[in-house]
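When reading the values below, keep in mind they use all heavy atoms of this one structure, side chains included, and skip hydrogens, waters and symmetry mates. Being a predicted model, the structure only gives us computed values, none of them experimental.
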2 protein chains.
Amino acid sequence: MNEPLSAGVETLAPLYKAVKRSLTRSLMRGEWRPGAALPSEARLAQRFDVSIGTLRKAVDELVAERVLVRQQGRGTFVATHGANRYLFHFFHVVPRDGEKTLPMLETLAFARGTATADEARRLGMPVGARVIRIRNLLRIAGDPVIVDDIVLSRGRFPDLTERIFRERDSTIYHLYQTRYGINVVRAVERLRATLADRAVAKLLGVAAGAPLLEINRIALTYRDQPVEWRRSLVDTARHEYLSDLGKGAETPA
Amino acid sequence: MNEPLSAGVETLAPLYKAVKRSLTRSLMRGEWRPGAALPSEARLAQRFDVSIGTLRKAVDELVAERVLVRQQGRGTFVATHGANRYLFHFFHVVPRDGEKTLPMLETLAFARGTATADEARRLGMPVGARVIRIRNLLRIAGDPVIVDDIVLSRGRFPDLTERIFRERDSTIYHLYQTRYGINVVRAVERLRATLADRAVAKLLGVAAGAPLLEINRIALTYRDQPVEWRRSLVDTARHEYLSDLGKGAETPA
DNA sequence: AAGTGGTCTAGACCACCAT
DNA sequence: TGGTGGTCTAGACCACTTA
């Protein structure tokens, strides 16, 4: 496993970038499972034959991207997709007054089909590729607020069945991560305003033609490979989409 | 100017945090003007009596927050509000097909008044405080796309007149920065869907009752002090709000 | 007590920019 | 050529966790 850093096609100029790349490759290979501890920084530095400072700089960036999690005194771990990570980084709908909470998810439909031109483009597959389409209703504090339509490539999720999807015990991304080894690392969302059609209006308990917030999300894994396309329709009568910008990282003070 | 780091009310545990705090204080005081170069890292390290590594770690965070800008071989500078920074970090409306471009701004109204309860809460002022209200129409590639309603405290912008506002030669935040020494560093946006009223519909060239994306933005300066409240109404027929999430920093590869 | 990450230091060398 | 930031190193010490 001691692959020399100069092995890759081309070594990135700064050494710590090469180390980061090598770490990412190991993560993609699944060398360390989600939730598992990496070797200590001292050991990793040895393995890559770099100083601890350089190793730390590589890990720093992966921590900033939330791929790894450091815990002082315990170790460095592969980030897992649980309720917390979902709430903090992948779910931006908040009550207009009150605290953000985890939505309850009810699966309304699960169907197989072939990719439309739109779906193919967004997921980087050929038109006609085999896909799965899932519709969910999300309730916040009991109220129906969001209708989600998810599209997945059957190539990436070969044996995914409605039963497996329904009977997962945590978030959807946790299912992707644990069962399919697909680690959602980033998401790009495009928002617009639209009007509720009759079916969605009924689900959300609003009038047909009510204004809804439409979120088109592409979820990405390592190297920005698209994994999931999700269209969310949100009733923003009592909820909002929160976008906090201009912060590089946490940096509280 | 050699204020000891232990001077502040309480010194933050890590040394580099104290250095960062001290740098921020200097920026708030205007010790270095926007666009000006800071002393070299070696000199700053001397001044704070810390190692270069520690000094760099403090500057790293301010660079990540886009308060400072490093240029190899030239120096470290106080970030200025120009077209680029605005486009990249404070303007998220993009054409659905095509490149993001700088909008053209037309000022429709400029009026003085006193703060409503809503305005007072959002800007952290007492109800009835004196405010300025400005309405602008933004065109992208010639088409009217956004109506902006801006609310400012007259306390922060004492001598701001319609003429000064109209005759500025760059972005609005550049005006705040250069004329009032107020550096917008961060923004929090809350989005919802709404319907166009008659006045806005006419401005945007859509039907009354057309769906619009409503963006409520609070612009903040150092220490998260609110500076500006802006409500934008966006016609998302041919444009979208882009939200890129999950990246800690740039980290291209 | 042993092992982990977090901070801090001091110094070398490189890449880039101005002159 | 001299000054700037960018990278890399080696090592000391601290804070925290676990056993």
Side-chain angles (χ1 to χ4, degrees), chain A residues 4-6 8 10-23 32 35-79 248-253, chain B residues 4-6 8 10-23 32 35-79 248-253:
Chain A
L5 291 181
S6 48
E10 90 287 41
T11 302
L12 262 48
L15 186 51
Y16 76 88
K17 288 284 187 188
V19 172
K20 180 185 175 187
R21 218 182 160 96
S22 192
L23 286 169
W32 309 295
L38 272 64
S40 75
E41 299 187 337
R43 249 185 281 278
L44 285 173
Q46 264 193 327
R47 160 167 159 180
F48 294 126
D49 195 28
V50 299
S51 74
I52 287 208
T54 300
L55 185 279
R56 274 185 65 82
K57 194 156 180 182
V59 172
D60 280 346
E61 292 202 350
L62 291 169
V63 168
E65 294 168 28
R66 300 180 203 100
V67 170
L68 299 178
V69 175
R70 283 207 184 99
Q71 290 184 246
Q72 188 175 14
R74 303 222 314 127
T76 303
F77 304 82
V78 183
E250 291 75 287
T251 48
Chain B
L5 291 180
S6 46
E10 91 285 41
T11 301
L12 262 48
L15 187 51
Y16 75 88
K17 288 283 188 190
V19 173
K20 179 184 174 188
R21 219 181 158 97
S22 193
L23 285 170
W32 308 295
L38 272 65
S40 75
E41 299 187 336
R43 247 184 282 275
L44 285 173
Q46 264 194 327
R47 161 167 156 178
F48 295 125
D49 195 27
V50 300
S51 74
I52 287 209
T54 300
L55 185 277
R56 274 185 67 81
K57 195 156 180 183
V59 172
D60 280 347
E61 293 202 349
L62 291 170
V63 168
E65 294 169 25
R66 299 181 202 99
V67 171
L68 298 179
V69 175
R70 283 206 184 99
Q71 289 184 247
Q72 189 175 13
R74 304 223 311 127
T76 303
F77 304 83
V78 182
E250 291 75 288
T251 47

Exercise. Verify the contact: side-chain N or O of B/K57 to OP1 or OP2 of C/dC8, cut-off strictly under 4.0 Å; return yes or no.
Key: no
Exercise. Give the rounded distance in Å between these two atoms: CG of A/L38 and C1' of C/dG3.
Key: 16 Å
Exercise. Whole angstrom is fine here: how far is it from CG in A/D60 over to P in D/dT7?
Key: 12 Å
Quiz item: Taking atom CZ of B/R43 and atom CD of B/Q46, what is their separation to the nearest 0.5 Å?
Solution: 8.0 Å
Practice problem: Tell me whether the OP1 or OP2 atom of C/dG5 has a side-chain N or O from A/T76 closer than 4.0 Å. | Solution: yes
Exercise. Assign each of A/R43 and B/S51 to its nearest nucleotide of DNA chain C by heavy atoms, then name whichever residue's nucleotide is nearer the 5' end.
Key: A/R43
Practice problem: Consider the side chain of A/E41, meaning its heavy atoms from C-beta on, and name the nucleotide among C/dG5, D/dG5, C/dT7 that approaches it most closely. | Solution: C/dG5
Exercise. Could you state the atom-to-atom distance from CD1 of A/I52 to C1' of D/dA12 in whole Å?
Key: 12 Å
Quiz item: Does A/T54 place a side-chain N or O at less than 4.0 Å from the phosphate oxygens OP1/OP2 of D/dT9?
Solution: yes
Self-check item: Distance (rounded to the nearest 0.5 Å) between A/L23 CG and A/E61 CD
Solution: 11.0 Å
Quiz item: Could you state the CG-C1' distance from A/L62 to C/dG5, rounded to the nearest angstrom?
Solution: 16 Å
Quiz item: Between atom CG in A/L44 and atom P in C/dG3, what is the gap in whole Å?
Solution: 17 Å
Self-check item: Under-4.0 Å side-chain N/O to phosphate OP1/OP2 contact, B/R74 with C/dA18
Solution: yes
Quiz prompt | Member of B/V63, B/V67, B/L68 meeting the side chain to side chain contact (heavy atoms under 4.5 Å, CB included) criterion with B/E65 | solution = B/V67
Self-check item: Test: B/D60 and B/R70 ion pair at under 4.0 Å
Solution: yes
Self-check item: Below 4.0 Å: OP1/OP2 of C/dC8 and any side-chain N or O of B/Y16
Solution: no
Quiz item: Counting side-chain heavy atoms from C-beta on, which of D/dT17, D/dT4, C/dC8 comes nearest to B/P14?
Solution: C/dC8
Quiz item: Are A/R70 and C/dG6 close enough that a side-chain N or O sits under 4.0 Å from OP1 or OP2?
Solution: yes
Quiz item: When the distance from CD of A/Q71 to P of C/dG5 is rounded to whole Å, what number comes out?
Solution: 11 Å
Practice problem: Please determine, for the side chain of A/Q72, which listed nucleotide (C/dA18, D/dT7, D/dC16) has the closest atom? | Solution: D/dC16
Quiz item: About how many Å separate OG1 of B/T54 and CG of B/L44, when rounded to the nearest 0.5 Å?
Solution: 13.0 Å
Quiz item: Can you tell which of C/dA18, D/dT9, D/dG6 lies closest to the side chain of B/R56?
Solution: D/dG6
Quiz item: In whole angstrom, what separates B/L15's CG from D/dC13's C1'?
Solution: 14 Å
Self-check item: Nearest-Å distance for atom pair NZ/P, residues A/K17 and D/dT7
Solution: 8 Å
